[in-house]
Structure formats: structure tokens, C-alpha cells
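Computed from a predicted model, the values in this text were never measured in an experiment. The sequence lines fix the lettering, A, B, ..., with proteins before strands; numbering per chain opens at 1.
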There are 2 protein chains.
Amino acid sequence: MVKVHKCIVGDESACSKAGLAIRDTLDVVGGKWKLVLISMLRDGKMRFRELSRQAEISPRILSKELQEMEMNGLVTRTVCNTKPVTVEYALTPYSETLSEVIIAMHKWGVQHRKRIIERV
Amino acid sequence: MVKVHKCIVGDESACSKAGLAIRDTLDVVGGKWKLVLISMLRDGKMRFRELSRQAEISPRILSKELQEMEMNGLVTRTVCNTKPVTVEYALTPYSETLSEVIIAMHKWGVQHRKRIIERV
DNA sequence: AATACCGGTTACAAAAAGGATACTATATGG
DNA sequence: CCATATAGTATCCTTTTTGTAACCGGTATT
């Protein structure tokens, strides 16, 4: 399940110009939910239902997203021996390499919202 | 065409937990192409065909993406009085507020690719 | 006239993403 | 026995996104 874009050797310029690195990142963390979920999990581990409710994401999609993120080494899935079985999702250390991205996007979202609202 | 997510007043916690700011950012700059195009335009203005060829993006999609980015104040479109009419697309000053995001994603893409390749 | 380049648009098709609903199975409390 | 809660899965369907191919109007070259 390794995803990296083809890059012709010696064609560095074209590759970098076409935003190869950006596309690699988007392959792992693109889409509507992954960055949002990671952002939420930064406050601490959460259970499936909890994530589903707070993000308002359907179980089907949530399940799929979490599996993909697990495969990419971004989250761990832990089954707990509780009365009704619960499952905890938590970020891995590797996911912390994404913090710059998350923080930058969070900051931008906040300032952009201000910009939009202030000029009503 | 203003896009910001609803946020119930006084419900700050739930909103921030659900990654509201991240979603706002993704609304403007999410999808397969916008960040790639901005990243390319950071090296200087480009014409329509140039962008289309280098990014390997079809004219239809490119046109749509550029229009959306123009509406969001991220790029400018300038028609030039040349032999066959050419059109230049360039980043706006506002788009520079995205540079942290772009740089972070670029860096992550590069390091992630390394990580993937080194453990073949 | 024929060709080719520019910046697109139109019509159509395919694929990916997302969502609604119901349902599995286990277990607790009433 | 019934309701509720847990974590999902299965099925079906709609929406969004992306792509392909052809084409237009204009200009320049051959």
C-alpha cells in the first residue's frame, strides 16, 4: 500500500515543478477527513463512537479512514477489555511529523474565517 | 461563494474538536490540485497551457480550479496582448498566507518519500 | 487553403468519495 | 424480554470529482 508518485530519474525539475512532494502528502493525508481526525486525536485518544459523533462522520467512512491511517502508520487501534468492548484510537509518534502541517492549516483556517467574516 | 462552516455560538469546544478550522482550510484549498498549482506558481507566473502540461492536468479541470482559486483571491488572471492571446496566472499577496501550509506539506512529502523508499 | 498554437468550453463518461439505513454480535441494566 | 450501548459491516444510493474527446474563435505560419 505504498504510495509515492513516479519520478523519472534526472527529471528533478519537472517533478518538483509539478508539486510531486505535495502530491505525495495528499496521497496519504488528503481527502475530507484524515487531517480533521488527526487534529482531533491530538487532544488525546478517542473511541470509535466518540470520533463518529464529534466529527459527524458516518461509521462506514470513519472505519475506512481509520484503517487507511493505520496502514500508513499514523494511528493505532487498541481493543479494550471493557464491559461492552471499546476500541481506542490514538496517534502514533510518526503522526507527529505531521504537526507542522496540521498547525499551519489550523492557523490558516482561523485567519481565513476571520477575513471572511470581517468583511460581511 | 464564501465558505465557512457553521459554528454554534458558545459551542467553541465542539467546533474546535471537530477540526472546524482545518475543514475551513480544506474547503478553500482541498482537493487534488489547488495546493499543487499554488506550489507551482510560487516559482513565478505561468500561462494556461504551461500549467496544463507541467501538472498533467486537463484543460477542463485546470480551468475550473483556476476559477475557484481566483474567486477565493488566491490567483490573478491576466490577458496579454500577444500574437496568439496568452493568459498569465499569478499568485496574489493573499496566497502567501498559505506559504506555511505549502512549505510544511512539501517538507512532509519529501521526508515521507524518503521513509518509504529507504525501507524497501 | 491547411496547419498549428493559444485559451478555453461543451458534452459525455467513469470513478471516487460520501452518506443513509439497517444489521451483526456482545453485554449490561431494568 | 426489551432497551441500550459498544464497534463495526453490508447494502444501496447520491453526490462530487476527475477525466476524455471534440470543438470554437482567434491569430499566425506555411
Side-chain angles (χ1 to χ4, degrees), chain A residues 1 3 5-6 18-20 22-38 40-41 45-72 75-90, chain B residues 1 3 5-6 18-20 22-38 40-41 45-72 75-90:
Chain A
M1 251 311 155
K3 272 185 169 182
H5 286 276
K6 294 153 279 172
L20 177 70
I22 302 271
R23 286 184 308 180
D24 281 343
T25 301
L26 290 177
D27 278 344
V28 177
V29 106
K32 189 173 174 179
W33 293 113
K34 295 199 182 67
L35 286 175
V36 171
L37 292 173
I38 294 178
M40 289 170 69
L41 287 171
K45 60 191 174 188
M46 293 176 84
R47 285 171 307 141
F48 189 86
R49 287 284 184 197
E50 228 176 327
L51 279 167
S52 176
R53 274 192 293 256
Q54 287 200 24
E56 296 182 273
I57 177 175
S58 72
R60 197 183 75 90
I61 305 296
L62 179 56
S63 176
K64 198 200 60 180
E65 299 288 309
L66 289 171
Q67 279 174 24
E68 290 171 5
M69 290 164 69
E70 205 186 343
M71 285 195 313
N72 280 310
V75 302
T76 57
R77 176 181 180 276
T78 316
V79 180
C80 307
N81 279 337
T82 48
K83 321 85 190 236
V85 172
T86 54
V87 179
E88 282 176 352
Y89 288 92
Chain B
M1 249 312 160
K3 271 185 170 183
H5 286 279
K6 294 153 278 173
L20 178 70
I22 302 270
R23 286 185 307 179
D24 281 343
T25 301
L26 291 176
D27 278 344
V28 178
V29 107
K32 189 171 176 180
W33 293 112
K34 294 198 182 67
L35 286 174
V36 171
L37 292 172
I38 294 178
M40 290 170 68
L41 287 172
K45 58 191 174 188
M46 295 176 82
R47 284 171 308 141
F48 189 87
R49 288 282 184 200
E50 229 176 325
L51 279 167
S52 175
R53 272 191 296 255
Q54 288 200 24
E56 296 184 274
I57 177 174
S58 70
R60 197 184 75 88
I61 305 296
L62 178 56
S63 175
K64 197 200 61 177
E65 299 289 306
L66 289 171
Q67 279 173 23
E68 289 171 4
M69 290 163 69
E70 206 188 342
M71 284 195 311
N72 280 310
V75 302
T76 56
R77 176 181 180 277
T78 317
V79 181
C80 308
N81 279 338
T82 48
K83 324 81 193 242
V85 173
T86 54
V87 177
E88 282 176 351
Y89 289 90

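Using a 4.0 Å heavy-atom distance criterion, A:Glu65 is classed as a sugar-phosphate-only contact. Within the nucleic acid shown, A:Glu56 has no heavy atom closer than 4.0 Å to any nucleic acid atom. Contact annotation for B:Arg47: backbone-only contact, meaning every heavy-atom pair under 4.0 Å involves sugar-phosphate atoms and none involves a base. Contact annotation for A:Gln67: backbone-only contact, meaning every heavy-atom pair under 4.0 Å involves sugar-phosphate atoms and none involves a base.
Under 4.0 angstrom from either OP1 or OP2 of D:dG8 there lies at least one side-chain N or O belonging to A:Arg77. The phosphate of C:dG19 has OP1 or OP2 within less than 4.0 Å of a side-chain N or O from A:Lys32. Within the structure, every side-chain polar atom (N or O) of B:Arg53 is placed at least 4.0 Å from both OP1 and OP2 of C:dG7.
In this structure, B:Leu51 atom CG and C:dC6 atom C1' are separated by 14 Å, rounded to whole Å. In this structure, B:Leu62 atom CG and C:dT9 atom P are separated by 10 Å, rounded to whole Å. Between B:Leu26 atom CG and D:dT17 atom P there is a gap of 12 Å when expressed in whole angstrom units. Atom-to-atom, CD of A:Glu50 to C1' of D:dT6 comes out at 12 Å; the value is rounded to the nearest Å. A:Met46 places its CE atom 15 Å from the C1' atom of D:dA7, with the value rounded to the nearest Å. With rounding to whole Å, A:Asp27 atom CG is found 12 Å from D:dT18 atom P. Atom CD1 in A:Ile57 sits roughly 14 Å away from atom C1' in D:dA7 (whole-Å rounding). The distance from atom CH2 of A:Trp33 to atom P of D:dT17 is 14 Å, rounded to the nearest whole Å.
Side-chain contact between B:Asn72 and B:Val29 is absent, with no heavy atoms from C-beta onward closer than 4.5 Å.
Of the candidates C:dG18, D:dG26, C:dT9, the closest approach to any side-chain atom of B:Ser63 belongs to C:dT9. Considering only side-chain atoms of A:Phe48, the nucleotide from D:dG8, D:dT20, C:dG8 that sits closest is D:dG8. The side chain of B:Pro84 approaches C:dC6 more closely than any other nucleotide in the set C:dG19, C:dC6, D:dT6. In the set C:dG19, D:dT6, D:dT18, D:dT18 carries the atom at the smallest distance from any side-chain atom of B:Lys64.
Atoms CG and CZ, from A:Leu35 and B:Arg23 in turn, are 12.5 Å apart once rounded to the nearest 0.5 Å. One finds the CE atom of B:Met69 at 11.5 Å from the CE atom of B:Met71 (value rounded to the nearest 0.5 Å).
Under a 4.0 Å N-O distance rule, the pair A:Arg77/A:Glu70 does not qualify as a salt bridge.
Of the residues near DNA chain C, A:Val85 and A:Ile61, the one whose nearest nucleotide (by heavy atom distance) lies more toward the 5' end is A:Ile61. Projected onto DNA chain D by closest heavy-atom contact, B:Arg49 and A:Pro59 fall at different nucleotides, the more 5' of which corresponds to A:Pro59. Each of A:Tyr89 and A:Arg60 was assigned the nucleotide of DNA chain D with the nearest heavy atom; the assignment lying further toward the 5' end belongs to A:Tyr89.
Here the closest heavy-atom approach between residue A:Met40 and residue B:Gly19 is recorded as CG-N, 4.3 Å.
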Show the numbers, then the answer: is there a side-chain contact (heavy atoms from CB on, under 4.5 Å) between A:Leu26 and A:Ile22? CA-CA 6 Å; A:Leu26 290 177; A:Ile22 302 271; 4.1 Å; yes
